[in-house]
Amino acid sequence: MTKPRLWITRRLSDATLERAARDYDTVINHEDTPGSADALIAASAEFDAIIPCHSEHFSADVAAQLDPRLKIIANHSVGVDHCDLPALAARGITVTNTPDVLSDATAELAMLLMLGAARHAVAGDRIVRTGAWDFWSPSFMVGKQVTGSRLGIIGMGRVGRAFAAKARGFDMEIHYYNRSPLPEDIAAGATYHDTVESLLSVADFLSLHCPATPQTTNLMNAERFALLPKGAVMVNSARGALVDEAALLKALASGQIAAAGLDCFQVEPGGNPAFAAHDNIFMLPHIGSATTRTRDAMGFRALDNLDAFFAGQTPKDKL
């Protein structure tokens with residue numbers, strides 16, 4: 001029996017690539033560069049399936065030009081804002097993602113961002129690394145304490161709940177905004193707010209965990225930064241589109257925001273060059289799910305979805 005032909009657009013984990021090569025007629029982009037629109041369109045005539053990452057964009061224009069041979073796009077990601085789902089559905093193309101398996105890794109990174117931003121990680125590392133540490137006093141590099149503080153979470157999906165669970169280890173008072181309240185056994189004592197504005201008023205620390213949609217673009221803007229308690233810390237490990245970066249810079253300059261921890265940016269790769277001048281912005285290059293265990297799990301989840309599809313079943317993570 002002929003194996004389905006599969007294109008893997010980026011360099012995934014070794015375990016993933018080994019399994020893919022075993023079960024599919026697999027072509028891998030060993031150059032590990034993002035697939036362009038032209039490359040995606042051309043590949044659709046040569047492959048039955050594609051495993052892309054969030055670096056490959058299936059816009060409505062791309063979807064309209066895809067060859068009928070392509071039957072399934074099994075994303076190596078949870079977020080699918082790089083895919084125009086209605087346009088792909090109109091072409092009869094199945095789209096899947098990889099939920100559940102990266103929640104803990106991303107929540108760990110959000111915790112790192114929160115702690116790093118609160119405790120001057122950027123400036124502290126720099127002065128020790130450069131040999132500039134030649135002074136100490138009780139007022140030296142005093143940061144914001146996480147333990148016992150009020151934490152606001154926007155988006156209590158899988159990652160938001162995993163982050164809340166870790167924050168409870170710091171005895172944080174957890175508040176959240178979600179489209180609807182969670183059942184109490186899942187909320188685990190967290191206080192629900194039915195508006196973002198209500199949540200912001202009590203968030204000494206704010207962490208964003210919602211998807212990027214037209215409705216959430218620039219979710220954190222000048223008006224909403226102003227609603228946070230003065231000196232709050234904001235963390236974004238979700239999507240760069242959630243934050244108005246110019247408004248964030250103004251909020252930091254005014255002291256309305258004491259610090260920010262960012263793993264994602266409006267422009268990726270690259271980030272925002274204006275952020276580099278600010279020691280109170282702790283930044284990482286969108287590596288929330290980048291652990292060996294999680295990368296293997298994400299790849300296997302994408303392959304599980306392909307296996308189900310080509311066995312004539314509905315993939316577990318069909319969108």
Ala164 and Ile153: which non-hydrogen atoms are nearest, and at how many Å? CB-CD1, 3.7 Å
Tell me, please, whether Phe47 has Arg69 positioned over its six-membered ring: NZ or CZ under 6.0 Å from the ring centre and within 45 degrees of its axis? no
Considering all heavy atoms of both residues, which atom of Leu199 and which atom of Gly152 are nearest to each other, and what is their separation? CD1-CA, 3.8 Å
Value for CG (Leu70) from CG (Asp48), rounded to nearest 0.5 Å, stands at 8.0 Å
Is the side chain of Asn178 donor-acceptor paired with the backbone N or O of Pro181 at a distance under 3.5 Å, no angle test? no
Nearest heavy-atom approach of His57 to Val62 is O-CG2, 3.9 Å
May I ask you to check if Lys144 and Phe205 form a cation-pi contact, with NZ or CZ under 6.0 angstrom from the six-membered ring centre and within 45° of the axis? yes
Between Asn29 and Thr33 (side chain of the first, backbone of the second, donor and acceptor by atom type, cut-off under 3.5 Å), is there such a pair? yes
Should Val235 and Ile281 be regarded as members of a common hydrophobic cluster, given that ILVMFWY residues are connected when their side-chain heavy atoms come within less than 4.5 Å of each other, either directly or indirectly? no
Please answer whether the main-chain N or O of Ile186 pairs with a side-chain N or O of Arg161 as donor and acceptor at a distance below 3.5 Å. no
Looking only at side chains, do Ser55 and Arg10 share a donor and an acceptor under 3.5 Å apart? yes
Counting C-beta onward and ignoring hydrogens, is there a side-chain heavy-atom pair between Arg158 and Pro99 closer than 4.5 Å? yes
Please examine the side chains of Met298 and Ile51, heavy atoms only from C-beta on, and report whether any two atoms are closer than 4.5 Å. no
Classify the side-chain pair His193/Thr191 by whether it contains a donor and acceptor separated by less than 3.5 Å. no
In short, Pro315 meets Ile72 closest at the heavy-atom pair CG-CD1, 4.4 Å
Ignoring hydrogens and angles, tell me if any N or O in the side chain of Trp136 forms a donor-acceptor pair with the backbone of Pro138 under 3.5 Å. no
Counting C-beta onward and ignoring hydrogens, is there a side-chain heavy-atom pair between Asp304 and Lys316 closer than 4.5 Å? no
Would a 4.5 Å heavy-atom cut-off, applied to side chains only, mark Thr9 and Ile50 as touching? yes
Hey, what's the ring geometry for Phe275 with Phe265, parallel, tilted or perpendicular (30° and 60° as the breaks)? tilted
First locate atom CG of Leu109, then atom CE of Met114, and finally report the distance between them rounded to the nearest 0.5 Å. 12.0 Å
Tightest non-hydrogen contact, residues Thr106 and Ser237, listed as CG2-O, 3.9 Å
Expected output: side-chain Thr130 to main-chain Arg126 donor-acceptor under 3.5 Å: yes
Quick one: are the ring centres of His54 and His76 less than 6.0 Å apart? no
Backbone N/O of Gly189 and side chain of Glu184: donor-acceptor pair under 3.5 Å: yes
Straight-line distance of Met172 CE to Thr147 OG1, nearest 0.5 Å: 8.0 Å
Under a 4.5 Å cut-off applied to non-hydrogen side-chain atoms, are Leu303 and Tyr24 in contact? yes
Hey, what do you get for CG (Asn272) to NE2 (His278), rounding to the nearest 0.5 Å? 9.0 Å
Tell me, do Arg301 and Asn97 make a side-chain contact under 4.5 Å, heavy atoms counted? no
Look up atom CG in Asp263 and atom CD in Glu268, then write down how far apart they are to the nearest 0.5 Å. 8.0 Å
Verify whether one side chain among Ser198 and Thr195 offers a donor that lies under 3.5 Å from an acceptor in the other. no
For a side chain to side chain contact (heavy atoms under 4.5 Å, CB included) check, start with the C-alpha distance between Leu242 and Asn218, then their side-chain angles and the critical distance, and finish with the verdict. CA-CA 5 Å; Leu242 303 178; Asn218 288 335; over 6 Å; no
Pairing donors with acceptors under 3.5 angstrom, does anything connect the side chains of Asp296 and Ser13? yes
So, are Asp84 and Arg91 salt-bridged, with charged N and O less than 4.0 Å apart? no
For the residue pair Tyr192 and Tyr176, categorise the inter-ring angle as parallel (less than 30°), tilted (30 to 60°) or perpendicular (more than 60°). tilted
Taking Asn305 for the side chain and Asp317 for the main chain, is one N or O donor matched with an acceptor at less than 3.5 Å? yes
Got a salt bridge between Asp25 and Lys3, using NZ or NE/NH1/NH2 to carboxylate O under 4.0 Å? no
Do you know which two heavy atoms are closest between Gln266 and Val243, and how far apart they sit? NE2-O, 2.7 Å
Going by heavy atoms in the side chains, are Phe58 and Val95 under 4.5 Å from each other? no
State plainly whether one hydrophobic cluster holds both Val122 and Leu262, where clusters connect Ile, Leu, Val, Met, Phe, Trp and Tyr through side-chain heavy atoms under 4.5 angstrom apart. no
How are the rings of His209 and Phe163 set relative to one another: parallel (under 30°), tilted (30 to 60°) or perpendicular (over 60°)? tilted
If only atom types and distance count, is the side chain of Arg5 paired as donor or acceptor with the main-chain N or O of Thr26 below 3.5 Å? no
Can you find a pair of side-chain heavy atoms, one from Asp104 and one from Lys166, that are under 4.5 Å apart? yes
The reported gap from SG in Cys210 to CG in Asn236 (rounded to nearest 0.5 angstrom) is 8.0 Å
